[in-house]
Structure formats: structure tokens, C-alpha cells
Amino acid sequence: MRWSRYFLYTSKEEPAEAEAPSHRLLLKAGFIKQVAAGIYELLPPALRVLKKIEGVVRREMDRSGAQELLLTVLNPKELWLETGRWDAYGDELFKLKDRHGREYCLGPTHEEEITDLIRKTVRSYRQLPLLLYQIQVKFRDEKRPRFGLIRAREFIMKDAYSFDADEESAELSYESMRFAYERIFKKLGLKVVVAEADVGQIGGKLSHEFIALTPYGEAKLAYCESCSYAANAEVVPVNDARVWEEEERPLKEVETPGVRTIEELARFLGVEKERIVKAVVYAVKGEPVVVFIRGDREVDENKLEKLLGTDEFRLATDEEVRRFFGTERGFIGPVGLKEGTRVFWDRSVEGIKNAVVAFNEPDKHLVNANPGRDFSYGPFVDLAQVREGDACPRCGEPLRLERGLELGHTFLLGTRYSEPMKAYFTDRDGREKPVVMGCYGIGISRVLAAIVEQHHDEKGIKWPTRVAPFELLIILLNPKDEELTRVAEELYREALAEGLEVLYDDRDERAGFKFADADLVGIPYRLVVGKKVKEGSVELQSRLTGERWELPLNEAVSFVKRKVEEDKR
RNA sequence: CGGGGCGUAGCGCAGGUGGUAGCGCGUCGGCUUUGGGAGCCGAAGGUCGCGGGUUCAAGUCCCGCCGCCCCGACCA
């Protein structure tokens, strides 16, 4: 491809609206254009990358025996009513009507449709196991689209579904997908951690997330360096109840005027935060729920959601606290709490001695409060957010916490969809059973962004050879020079003949301009056709390693060819 | 959905106290230049996000709306 004719327009200016490196660089290098919040066009070079990512994914899916098909974007409402997700999915579902008033959604995921397909086709255990996948555009009306392709409202996803006759077989399917995923991310040059995850909205029994470590991810990952435990932070059990070996001191009432936060209270009383029993008040469907947790700990609302069995809750406002308890926020405590209030005790409070507690009177606290003597507590549940240094639930060593980007997610669904949608088959014993399902997603367009997140420097992108939009960039430094031009043209033809994917910068621009663009766009190999041609050589540079080679003209292309093939192996 | 910020040329931005819009980059034409985003000369390019109001006069002041970005809650 001649750059002079190629639809690739870079910018010298920093895009003002972008912050994440992938977002910034993809815009600046002319790979994507924004149409609306979370909606992007993929321009020719980006599409080349996307296709290569898809290629890697296809190869590995096919190798695991999965068969590709293409489901639909438009999904009728009826299917989604069957699983209850028409409403459960909420505002995130893009909904629309046809001319007859029939309702549809734009598929955000395809469990409904594929289950519908299976119940119409699969009758017998002889047809199982079955593994199907598609690479399709998905739509989710995200509350907050963010960071360009990282969280878009329209995006490309590979989704696979497994169908098995029983649980054991389903677990085998699940495992084979897990291994396929590990191979895929490795081939794509992505550092990915496999984490135990929450099944969340999609439902099911077993779930893993494939998380790329980057500061622009939305997933909080806890991992252990000594035993390789890794999990989404929201599912990590926390148990750090302290052992308090001290005498119980006499209870005392103290004035704490206007002291609202744990921070202020600790400072005001000169005690450590661990000694304070914090009350966090939630409004659950209009009713108060109080979580008592140690003052240095935060509530993990995902854990709370699981305990409550609903996501219809939020922190109570000051106004609600007043209405619920007739006192001010900051002074809710276990002593004298309104009868019948629903209460949870986090494990962190267990065994606390000489604690600071509130007693539902404004501007006062109790110090040296002791459970059993001054208030009753328990039973205990795990509601604390995990934090750096907490004990690994597997080996007890300190955990590390990192932000990451969820690129893939696997779920062993069981019969969450086949049961309500009646996807039954006849087993060898002649009985009707629901198929056992699994589903497996990879955010393809997000992967593209993740690759940039993990492969870039100040100057631009550094595409790994396997996914690069082109393998080789030939830079003609001075198009006015006939000899240079002739040599560059020849190298270009030769590279094409060798089957290399080559972009040939034949634009009438100055050297510095072309080098800057080359760094920005990030093609892994770069042949510089410049003054060394007079000595019969060209310079090859690697964008990935910074290496340089001076090569005789007649060997340059075959050398590149060899390097590219090595990289792709 | 809560909080914050921003909408002026293709991009990045400037336009105290109201007086009819500018800079840099880019684009087009010309000359010069060619190993790290060159220089000079000339030119084109604007619904100042949209609607209303105040005023002799609004990019600027007031009201409403829309869009985009960031933080939080939430999600692949």
C-alpha cells in the first residue's frame, strides 16, 4: 500500500478529549474516529488490526472444535422476556420498535438467541456436546462509556456457547475454552491474569475473568505472588479480625460535637481507626440496613448485593438517616439502635475491645464499649473490601491489588437459560433434560485497545508483529531523488512479491515528518531508504526493540521476511 | 444516575468589564528545503453547540436544552 493513497491521516496535535494511552494514540495515529460517546469508527488500519485479532481468535476457537456462526443484532423482545432479562438488563439494553410496533433490542449478548436456536435444533444427546461461536457487534447502553474503545457502547465481541448433556461434560467444555483463551492472549502478546470472578448478571456457577493489567481498567484485581491466587477484588474473602488482648475498661460517654467521619473521630479522640465501630447505612427499597464494620474498613457493595439478593440499594442520604433513626449521620451505633433495624456485622469487628461506638444520640460517642458487656453483636458476615496487604485466602501471604481490563470472561452457566427457555434434549436413558450450557466472551475491539495499552511509548504505538496493521514500513526519505525513488519502488515490489504486508511511505514529506509518523503508527519493521543507498545499503529499524541493521540492498527484504516470520512463530 | 469541567475554522486553543472574531497546526497555490513533525510569500476556511431573553448592539450577560470529557456508583 502506498501511503500517498492510503486512508491514514495522523495528527500532530494531542487529542484534547482523550486520556488513556490507547484512546489518545488510536485517535492521534488516525486509527479511530469518534461518532458519539462510546461509538467509534474503525478506519482502515484499525480494521486490519481487528481482522488479525479475529484471525487469532478464530484459529484457536476452531482448534478447540468450536464452529462459527452468525447470530442477529436485532433480537425480539419475546426471547428476552422468557429469561426475565428484558427488564433485568435495565437501561443498558438498547430497545426499539418496528413499523408494526413490535419491540426488539440490539443484542448486548446472545444467550437468549442461541438457546432459542438450540431448542429448535438439538433433540438428542447424540448431538452433544456442541460448541458454537460468533464474532459480532454488540450494543450496551453503558452508564458511562469511557476511554475510547475500552468501554464503548457499540463494540465487537467474540462470544462462544457450549452445550453439553451433563455437568461433567460441561466442565470439560469449560476447561477447553479456558485453555483456548490462555493461548489466544499469549499469541496476541497480552499479559493477562486469569482471575476467579463473580457470575453477576449473566448467572451461573463457575466463572473466570481474563484481565490485562493496565491502570485504565475497570476491574480491581487481587493477586498473590507466592501462590498465584488471583481473583476479582469483589469476590475475595476478607478475614482480618484482630486479636485484642487487653483489659476491659470502664465505659465512658464523651462529647463529640459535629464529628461525622471516622477520620475526624479518630483524630478528635486520639484513637486508631481500628477501634471504632463504623455504621454504614443503606437504603434498601426504602428500608434502612445498617452495616457495622471496623473503622478502617470499607464496605464492598458487591458482597452486600449478594447478601441482600438485590441491587436495588444505595447509601442512605443524610435526610434518610434522619428519617430512619431520628438522629444525624455519624452517630448511628449498636447501642440504642431502633428496634427491628436490619443489621449486618462485618467480620472485622469480631473480638473488638474497648471500642468507640455511637449510640444514636447526636454529638456523643461511647468509648471503651465492649461487646457482651455494653452491646451485643454478630453473627458475622464478610462485607469488607479487600485491600493491599490483606491475607491471601489460599496461602495467607499478603495480597497485591492492581487495576486491570477485563478482556475475556468465561461462565459455566448450567441450566440458567436452558431451563426457563426449555432447551431440552432426550438423554440415552430416554429422559428429557435441559442442556448444560457455558458461555465465553472476548471483547475483540477492547483487545485492540488493550494491546495499545500494553505496547506503546511516548512516541506512539508498538504493534506486536502478529497483529500489526502492516509488517513493514518502507520510508522513502526524498521522493525528489530519482535514485532513491527507484530503489524504494524496487524494494516495495520485492516485499510485496515476498508476501510481506507493506506500507510504502512515498509521500512528499520531509524526513522528520515521516519518522515521527512512523513512530506514532507503530509498524514493527521500518526500512529507511536514504543516503546510504549510495553505498548500496538500507537501514532496517525495529519499532519494537529499537534494534538497527544496515543491510545490503539485495538482502534487505529477505532479512525482514525472516524477522517477521520469527516474530509470528 | 450524582459531582466537576468543556463546547469559537479540519485539529489544538485565545478572545477582562457587551461594539460585529483571532493565533498555531493542518489545507490550497508558489518558491526554497530533504536523516527526526522545515522556511518564506499568498489564499481559502466560522450557524462562536441549539433555542429563547436582556440590549441600540451578545462569542461575551440571563434562562432553558443538547453534546462531549473526567471522577464516583455500575458493566465485557
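Computed over heavy atoms, backbone and side chain alike; hydrogens, waters and symmetry mates excluded. Reminder, nothing fancy here: chain letters follow the sequence lines and each chain counts from 1.
In this structure, A:Lys514 fails the cation-pi test against A:Trp3, since its NZ or CZ atom is not both closer than 6.0 Å to the six-membered ring centre and inside 45 degrees of the ring normal.
Taking atom C1' in both B:rG29 and B:rA44, one finds a spacing of 10 Å when rounded to whole Å. Taking atom P in both B:rC62 and B:rG7, the straight-line distance is 15 Å, to the nearest Å. Only the C1' atoms considered, B:rG15 is 24 Å distant from B:rG51, to the nearest whole Å. B:rG22 and B:rG59 have their P atoms separated by 14 Å, with the value rounded to a whole Å. Taking the P atom of each, B:rA73 and B:rA21 are spaced 47 Å apart, rounded to whole Å.
By the ring pair (Phe, Tyr, Trp, His ring centres under 6.0 Å) test, A:Phe155 is found to be paired with no residue, residues two or more places apart in sequence or in another chain being considered. In terms of the side-chain hydrogen bond (donor to acceptor under 3.5 Å, both in side chains) criterion, residue partners of A:Glu234 (sequence neighbours excluded) are, by chain and number, A:Asn302. Considering only residues two or more places apart in sequence or on other chains, A:Ser445 meets the side-chain hydrogen bond (donor to acceptor under 3.5 Å, both in side chains) condition with none of them. Residues meeting the side chain to side chain contact (heavy atoms under 4.5 Å, CB included) test with A:Val137, sequence neighbours left out: A:Val73, A:Phe139, A:Glu154, A:Ile156. Remark: A:Arg323 engages no residue in a side-chain hydrogen bond (donor to acceptor under 3.5 Å, both in side chains) (not counting sequence neighbours). Contacts of A:Asn232 classified as side-chain hydrogen bond (donor to acceptor under 3.5 Å, both in side chains), with partners at least two apart in sequence or in another chain: A:Glu209.
Scanning atom types as modelled, one donor and one acceptor separated by under 3.5 angstrom connect the side chain of A:Glu13 and the base of B:rG24. For a distance-only test at 3.5 Å, the side chain of A:Arg151 fails to qualify as a donor-acceptor partner of the base of B:rA76.
Atom pair A:Lys303:NZ and B:rC74:P shows a separation of 14 Å (rounding to whole Å applied).
Pairs engaging residues 516-545 of chain A under the ring-ring contact (aromatic ring centres under 6.0 Å, His included) rule: none recorded [sequence neighbours left out].
OP1 and OP2 of B:rC69 both lie 4.0 Å or more from every side-chain N or O belonging to A:Arg144. Between A:Gln34 and B:rG67 there is no side-chain N or O to OP1 or OP2 distance below 4.0 Å.
Nearest to the side chain of A:Glu17, among B:rC68, B:rC69, B:rC13, sits B:rC68. Among B:rA76, B:rC70, B:rC75, the nucleotide with an atom closest to any side-chain atom of A:Asn302 is B:rC75. Considering only the side chain of A:Arg140, B:rC75 comes nearest among B:rC74, B:rC75, B:rC71.
Within residues 211-223 of chain A, the residues approached by RNA chain B to less than 4.0 Å at the level of any non-hydrogen atom are A:Glu218, in residue-number order.
Within 4.0 Å (heavy atoms only), A:Ala20 reaches no atom of the nucleic acid at all. Residue A:Phe139 is classed as having no contact, given no heavy-atom separation below 4.0 Å to the nucleic acid. At a threshold of 4.0 angstrom between heavy atoms, the contacts of A:Glu406 are confined to the sugar-phosphate backbone, with no base atom among them.
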Which nucleotides of nucleotides 29-37 of chain B have their base under 4.0 Å from a protein heavy atom (B), which only their sugar-phosphate (S), and which neither (-), written as one string 5' to 3'?
-> ----BBBBB
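A:Glu535 CD: more than 12 foreign heavy atoms inside a 6.0 Å radius.
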